[in-house]
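Residue numbers run from 1 in the order of the sequence given. These numbers come from the heavy atoms of this one structure, side chains and all, not from hydrogens, waters or symmetry mates.
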Amino acid sequence: MHSSSRNVPPSSPRRLTRVRRTVASALGITGIVAGTLGNAGPVRAAQPRPAPVACPASVGDKATCYTGQDSNGAYYAIAIPKKWNGSLVVHSHGGPDLGEGSDPERSVGDLDRWSVMVSEGYAWAGSSYRRGGYGTRMAAADTENLRRLFVADFGKPERTYVHGQSWGGNVAAKVVETYGKENGPYDGALLTSGVLGGGSRGYDYRVDLRVVYQYYCRNLPRPGEPQYPLWQGLRPGSTLTTAELRARLQECTGYASAPQERTASQQRNLDDILAVTRIPERTLESHLRFSVFTFRDVVHSRLRDRNPFGNRGVWYSGSPDDTALNAGVERFSAAPDARRDLSYDSDLTGRVSIPVLTMHAIDDPTAFVEHEAAYRATVDGAHRGKNVVQTFTEESEHSELSNAEYANSMAALDSWVRTGNKPTPRSIAASCATFDRVYGTGCFYDPGYRPKPYASHVRPRPGGLTWPAMTSAQERAWSRIDGVGIAP
């Protein structure tokens, strides 16, 4: 363990004794409390206490683990190391998952995945969120609600950090802006592989994939099937499954086959789709799945069938015949109120008041590294750039980077918070070897790397070159509109 914080016991025997009850009883007491549409604030009602459970194998006997369900209906998992360093990491998971309710397995799986935090001496708490589907402010409120629940049952930590991965990076960044005020409950944030361009611009490359795919493949929908505008992702009543989506993608592109097994038509379609959309072949299916099923969730389930996406004014290039492509792709414009609601829910203002450290793989195939350029432009646009340090690694993954780097990042953030000495990408890269001697997963930092602007990878929409995508003034004005945003 590399933290210099003093070891303190996770809680008194008396406190631990009063929470010892079965998992079934803890998970069976549920009170669903709805927030307002635009401000899904944490719930302050009494909540069932966490119940002790066996820890995942990756945690083992290093900690005491708990699960439960909060008064919003969100399942959660907590781990408190037996040699606790006194600090708490509250985790915001990615996705979003698309199940209707809260998934009790999600938070336990996240604890297993992020057990490195526990190994480093931090208490860890992760929420499964109160429901599946899109809702950044809702997820941020559930994250904050879990922090309050932890304090109520185990006492106030010496320091509290929020960590978010992938879409969870967007959620954690929203936690920072909503609850992370100076001298507030959060001391710092770690954002890894984050979707930091926000919702109103962060999915434009998937909008482009949706229309370009249909131009070449014409099987989603097929000509003989009910037609629908592509901004819906998928028509609300469709029973299309993910397996059927993969079959249609295979039919058109042969993406799952070895190159020598593809037809000439499949290879041409695949080459042209990848060239125009700039999406890596290895994540083509996952991006298409998002542009179909998650877009349907956003449009139909969250925005009441209003369209937040647009591609008018975008010129697609990279195909053998760009003129024909641009004449043939479906075009549409966002409904202003739908775009406002998605922006209010997920875009960032850049008003960061606490130390924020980011880490991103340069070759991230899912949340392109240019999301970091969008975040830098956002915080600089809000004149808060001094509070953000960004690091980049020569890795090619999205969901899982090196454990040595995660441990190193937490130590660098903790030192920044405790001492006030801001680290640099170079100092963070230099300190990683200490952790790699423990984890043996490698250190791949490139301290001199700077990502190109977001628009260099994702074709901007008219007016989409300035950041923040949502200013603080817009956020304040929109917050006064009844029903703004996405319902929790």
Side-chain angles (χ1 to χ4, degrees), residues 1-8 84-92 114 116-124 143 147 156-165 168-169 172-177 179-194 196 348 350-360 372 375-376 378-380 382-393 401-436 438-439 443-450:
M1 189 167 67
H2 306 281
S3 173
S4 61
S5 301
R6 64 181 178 87
N7 291 332
V8 295
W84 185 21
N85 65 17
S87 293
L88 168 68
V89 174
V90 187
H91 175 75
S92 299
W114 303 108
V116 62
M117 307 290 187
V118 181
S119 297
E120 287 301 303
Y122 296 92
W124 186 96
T143 300
R147 182 200 66 79
K156 183 179 179 181
E158 292 182 359
R159 284 169 292 276
T160 300
Y161 302 109
V162 61
H163 169 241
Q165 174 96 3
K174 185 66 76 173
V175 170
V176 169
E177 294 187 359
Y179 309 106
K181 309 304 181 185
E182 193 170 3
N183 300 318
Y186 294 93
D187 298 284
L190 175 63
L191 313 178
T192 55
S193 308
L196 300 177
L348 302 169
R351 291 188 65 81
V352 174
S353 302
I354 59 176
V356 174
L357 176 63
T358 77
M359 180 172 67
H360 215 117
E372 296 288 341
Y375 192 56
R376 170 56 63 187
T378 295
V379 295
D380 285 349
H383 308 291
R384 300 298 179 91
K386 66 179 182 179
N387 294 324
V388 175
V389 173
Q390 294 173 295
T391 62
F392 303 93
T393 71
L401 304 180
S402 165
N403 272 350
E405 293 169 346
Y406 286 116
N408 183 48
S409 296
M410 279 307 307
L413 177 63
D414 184 59
S415 176
W416 183 6
V417 168
R418 285 186 293 102
T419 69
N421 296 324
K422 183 179 177 180
T424 66
R426 195 163 300 280
S427 71
I428 293 172
S431 63
C432 185
T434 301
F435 296 90
D436 196 40
V438 175
Y439 295 100
C443 296
F444 307 99
Y445 291 98
D446 182 349
Y449 181 80
R450 297 292 181 274

Judged by atom type as modelled, is there a donor-acceptor pair below 3.5 Å linking the side chain of [X] to the main-chain atoms of [Y]?
X      : Y      : value
Asn403 : Val116 : no
Lys422 : Lys386 : yes
Thr192 : Thr358 : no
Asn408 : Ile428 : yes
Gln390 : Glu372 : yes
Trp84  : Ser87  : yes
Glu120 : Ala411 : no

Within a strict 4.5 Å, meaning less than it, do heavy atoms of the [X] and [Y] side chains meet?
X      : Y      : result
Tyr445 : Thr391 : yes
Asn387 : Val379 : no
Ser193 : Leu401 : yes
Tyr439 : Glu405 : no
Val356 : Tyr375 : yes
Arg147 : Tyr179 : no

Sequence neighbours left out, what passes ring pair (Phe, Tyr, Trp, His ring centres under 6.0 Å) with [X]? Give chain and number order.
X      : answer
Phe392 : Tyr449
Trp124 : His91
Tyr161 : none

Closest heavy-atom contact between [X] and [Y]?
X      : Y      : answer
Ile354 : Lys181 : CG2-O, 4.1 Å
Pro185 : Thr160 : O-CB, 3.4 Å
Leu357 : Ser409 : CD2-O, 3.3 Å
Ala172 : Val162 : CB-CG2, 3.8 Å
Cys443 : Ala433 : SG-N, 3.9 Å
Phe435 : Ala404 : CB-O, 3.7 Å

- Of all residues at least two apart in sequence or in a different chain, which pass the side chain to side chain contact (heavy atoms under 4.5 Å, CB included) check with Thr378? Leu348, Trp467, Pro468
Once you round to the nearest 0.5 Å, how far does [atom1] of [X] lie from [atom2] of [Y]?
X      : Y      : atom1 : atom2 : result
Glu158 : Leu88  : CD    : CG    : 12.0 Å
His163 : Leu191 : NE2   : CG    : 8.0 Å
Arg159 : Arg418 : CZ    : CZ    : 6.0 Å

- Query: Who pairs with Arg376 by salt bridge (Lys or Arg N to Asp or Glu O under 4.0 Å), at least two apart in sequence or on another chain?
  - Reply: Asp380
- Message: My understanding is that only residues two or more places apart in sequence, or in another chain, count here; which of them pass salt bridge (Lys or Arg N to Asp or Glu O under 4.0 Å) with Arg384?
- Response: none
